[in-house]
Amino acid sequence: MYVRYVASELAADVIINVGEVKFNLHKFPLLSKSNRLQKLVSKAGENSDEIDMVDFPGGPKAFEICAKFCYGMIVTLNAYNVVAARCAAEYLEMTEDVDRGNLIFKIEVFLNSSIFRSWKDSIIVLQTTKSLLPWSEDLKIVGRCIDSIASKTSVDPASITWSYTYNRKLSVPDNIVEEGINFREKIESVPKDWWVEDICELDIDLYKRVMITVKSKGRMDGKVIGEALKTYAVRWLPDSFDDSVSDARTWRYKYLVETLICLLPPDKGVGCSCSFLLKLLKFAILVGVNDSPREDLVKRISLKLHEASVKDLLVPARPPQNTLYDVELIQCIVNRYLMHEKYNQDEKNQTNGDFILGHEHVTLMNLGKLIDGYLAEIAHDPNLTIASFIDLSRSIPDSARPIQDGLYKAIDIYLKEHLSLTKAEKKKICGLMDVKKLTMEASMHAAQNERLPLRVVVQVLFFEQVRAASGVQALNNNARDTSNSTTNTDEEWEKTAADDNKSLKKQMSRMKIKDEDFRKNGKLLKKNSKSTKSGVQLLPSRSRRIFDRLWVVGRGHVENRSSETSGSSQSPTSVAPGDTKSFGSSSRQRRHSIS
């Protein structure tokens with residue numbers, strides 16, 4: 001037990017116990033300021049000079065401030081002790097009825113004239129109120145602090161002259177003139193979200209009340225609200241979550257995430273980035289957030305999925321799922337996004353122009369790239385079923401994939417990681433891909449890919465030949481159109497045809513050279529049998545044989561100066577040695593039609 005006393009010639013005539021401290025004081029100065037002490041001393045009677053104060057708000061330090069005031073000593077108040085002093089004065093009933101200019105009155109003047117006018121002091125005082133509940137709540141200190149903070153966040157940034165960070169002060173004009181920048185220009189540089197970091201130190205309950213008040217004023221942009229919530233989440237949520245975390249900490253994270261979700265801007269289409277929403281969703285799943293908040297997050301994410309990155313979509317799966325990532329969740333979000341886009345497009349088609357439609361097409365292409373990248377990541381998972389892979393891939397419309405190199409990469413990774421696939425399964429997964437939408441680089445890789453079925457390799461080689469020949473057709477058509485409007489000599493026609501043939505030979509030679517490189521690198525194996533059905537050969541050798549047939553056909557077209565690759569309407573897999581006659585016949589018909 002600690003003992004505190006006042007140095008005086010008069011002996012102490014009352015002992016007041018507050019917590020672990022015993023105060024030896026005098027009745028007269030105390031009773032002249034405190035109505036409660038008057039009652040307690042009267043109740044104790046003349047036989048007792050000791051009073052116990054149980055549950056005194058603020059403890060011994062707060063009582064000492066009140067005692068010093070009663071003795072007329074200097075009392076120093078600041079943002080850290082003013083709430084405790086105010087609650088203690090209320091407990092002791094130090095009102096104006098007892099003595100004019102009493103402690104309660106003076107503290108209220110200090111709060112209104114100093115504390116609530118200061119941005120940082122308002123935050124500090126609000127933090128101290130939590131340990132003094134319910135006194136601080138009943139005295140409306142909490143509410144007044146919150147209103148003070150919320151009001152300052154709504155002030156025009158150009159009008160802010162107070163310090164809002166620990167290393168930047170705007171209150172003195174002379175101190176902020178730097179390199180010719182005047183005071184007005186410096187003030188206008190204050191960002192709209194200048195306040196978000198300062199309130200991050202608040203406990204989640206107080207933070208929630210502040211944000212609700214800020215939103216209720218209706219003057220804060222949704223994007224700034226979203227930035228504030230993101231900053232708070234970064235401050236208090238860990239980068240990773242371990243299942244071994246204690247139940248108390250897990251409950252705290254759960255409450256924090258649920259609170260942040262309920263504080264999200266009302267307009268689901270703006271405010272928070274998709275990346276931040278997906279981070280919240282990951283934590284919501286890990287800590288077991290209730291279904292309603294999770295559903296709200298999914299709805300918000302589905303409105304702006306095209307803004308996400310592949311890393312954002314890697315949501316860990318939870319039991320009973322045996323995959324690494326929650327593919328079903330992403331499938332659900334993709335489906336909702338496409339439904340929303342379709343609904344919007346149906347509405348806007350009648351009222352908006354090409355600009356809106358062009359913008360929607362760009363977002364759809366972004367979605368295609370995103371999901372193809374996601375497929376490439378989850379394809380490494382040995383537990384990912386082929387059905388899940390195919391369903392997610394097919395959910396993306398063809399218009400979102402003008403180039404399918406990303407899809408080809410994902411398919412190749414899946415084939416590499418799942419060697420036990422049957423021929424039928426390989427054919428099914430490769431059927432997702434349109435080889436006509438592969439770039440030259442991807443086509444050359446596919447032509448050498450041993451994991452692809454034979455049918456796919458044939459299609460790749462065939463359509464590469466068609467692509468090479470299409471350039472010749474375009475040039476010939478241009479020459480024909482020109483001949484209708486101008487007089488061309490036979491020499492000019494022969495020159496154009498020669499250039500067409502030269503272009504075709506050049507592009508076909510690129511693929512030929514690639515085949516010869518295979519030979520030099522020793523990648524070809526000798527045939528095990530004269531029959532093409534006996535034995536197993538490596539794919540480069542298989543591709544070479546197929547290419548040789550197409551090369552012969554290509555040379556035939558060059559020699560006959562055909563305008564396009566004949567038989568392009570036929571299935572690539574129908575190419576056979578006996579079909580060369582039909583190729584030649586078709587070529588002659590087209591040559592006759594343009595001569």
Side-chain angles (χ1 to χ4, degrees), residues 1-116 121 124-126 128-145 147-148:
M1 179 71 72
Y2 297 95
V3 178
R4 301 282 289 172
Y5 60 90
V6 178
S8 174
E9 297 179 356
L10 299 175
D13 55 3
V14 64
I15 299 174
I16 300 177
N17 298 318
V18 181
E20 299 294 325
V21 180
K22 183 189 294 282
F23 291 90
N24 295 330
L25 304 173
H26 304 84
K27 292 181 180 178
F28 176 75
L30 296 178
L31 301 184
S32 65
K33 300 287 185 181
S34 172
N35 187 43
R36 188 182 187 95
L37 284 176
Q38 292 178 13
K39 297 175 183 177
L40 291 174
V41 170
S42 175
K43 184 178 180 180
E46 298 181 358
N47 298 329
S48 177
D49 59 356
E50 191 165 346
I51 299 173
D52 293 326
M53 290 191 172
V54 182
D55 298 330
F56 188 87
K61 290 184 178 180
F63 180 81
E64 185 173 336
I65 291 175
C66 296
K68 285 183 176 180
F69 180 81
C70 292
Y71 278 90
M73 299 179 182
I74 296 176
V75 176
T76 302
L77 296 177
N78 53 51
Y80 295 95
N81 64 11
V82 66
V83 178
R86 176 65 180 86
C87 295
E90 187 71 23
Y91 181 91
L92 293 174
E93 300 177 11
M94 302 176 71
T95 63
E96 292 297 288
D97 296 336
V98 180
D99 187 35
R100 188 173 182 179
N102 214 338
L103 185 57
I104 290 178
F105 172 78
K106 292 185 177 297
I107 292 178
E108 284 296 327
V109 171
F110 176 69
L111 287 171
N112 295 324
S113 63
S114 178
I115 295 297
F116 296 144
D121 284 348
I124 294 171
V125 168
L126 182 58
T128 63
T129 59
K130 186 176 181 180
S131 61
L132 292 163
L133 294 173
W135 286 91
S136 59
E137 192 73 64
D138 295 339
L139 295 174
K140 304 186 185 308
I141 299 177
V142 176
R144 286 185 287 172
C145 282
D147 189 65
S148 171

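In this structure Asn112 satisfies the side chain to side chain donor-acceptor pair (under 3.5 Å) test with no other residue, sequence neighbours excluded. Legend: residues meeting salt bridge (Lys or Arg N to Asp or Glu O under 4.0 Å) with Lys61, ordered by chain and number and at least two apart, are absent. With sequence neighbours excluded, the residues forming a side chain to side chain contact (heavy atoms under 4.5 Å, CB included) with Thr95 are Asp97, Val98, Ile104, listed by chain and number. Legend: residues meeting side chain to side chain donor-acceptor pair (under 3.5 Å) with Glu96, ordered by chain and number and at least two apart, are absent. Taking Glu137 as the reference, Arg209 meet the side chain to side chain donor-acceptor pair (under 3.5 Å) condition, with sequence neighbours excluded.
The two residues Ala89 and Cys66 come nearest to each other via the heavy atoms N-SG, 3.9 Å. When all heavy atoms are compared, the tightest approach of Gly58 to Ala84 is CA-CB, 4.2 Å. The two residues Pro57 and Leu132 have their closest heavy-atom pair at C-CD2, 4.2 Å. Scanning all heavy atoms of the two residues, the minimum distance from Lys27 to Asp13 falls at N-OD1, 2.8 Å. Of all heavy-atom pairs spanning Val54 and Tyr91, the tightest one is O-OH, 3.5 Å. Here the closest heavy-atom approach between residue Arg36 and residue Glu93 is recorded as N-OE1, 3.7 Å.
Using a 4.5 Å heavy-atom threshold, the side chains of Ile16 and Leu30 count as touching. A heavy-atom distance below 4.5 Å is found between the side chains of Leu92 and Phe56. Side-chain atoms of Asn102 and Asp99, non-hydrogen and from C-beta on, do get closer than 4.5 Å to each other. Counting only heavy atoms from C-beta outward, the side chains of Leu37 and Val14 never approach each other to under 4.5 Å. Contact check for Ser136 versus Leu133: side-chain heavy atoms found under the 4.5 Å cut-off.
Distance alone, capped at 3.5 Å, is enough to place a donor-acceptor pair between the Ser148 side chain and the Phe116 backbone.
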What side-chain donor-acceptor pairs closer than 3.5 Å can you find for residues 69-80, not counting sequence neighbours?
{"from": "Tyr71", "atom 1": "OH", "to": "His26", "atom 2": "N", "distance (Å)": "2.8"}
{"from": "Tyr71", "atom 1": "OH", "to": "His26", "atom 2": "ND1", "distance (Å)": "2.9"}
{"from": "Asn78", "atom 1": "OD1", "to": "Tyr80", "atom 2": "N", "distance (Å)": "2.9"}
{"from": "Asn78", "atom 1": "OD1", "to": "Asn81", "atom 2": "N", "distance (Å)": "3.0"}

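For Phe105, the CZ atom counts as loosely surrounded, since its 6.0 Å shell holds 12 or fewer non-hydrogen atoms of other residues, nucleotides or ligands.
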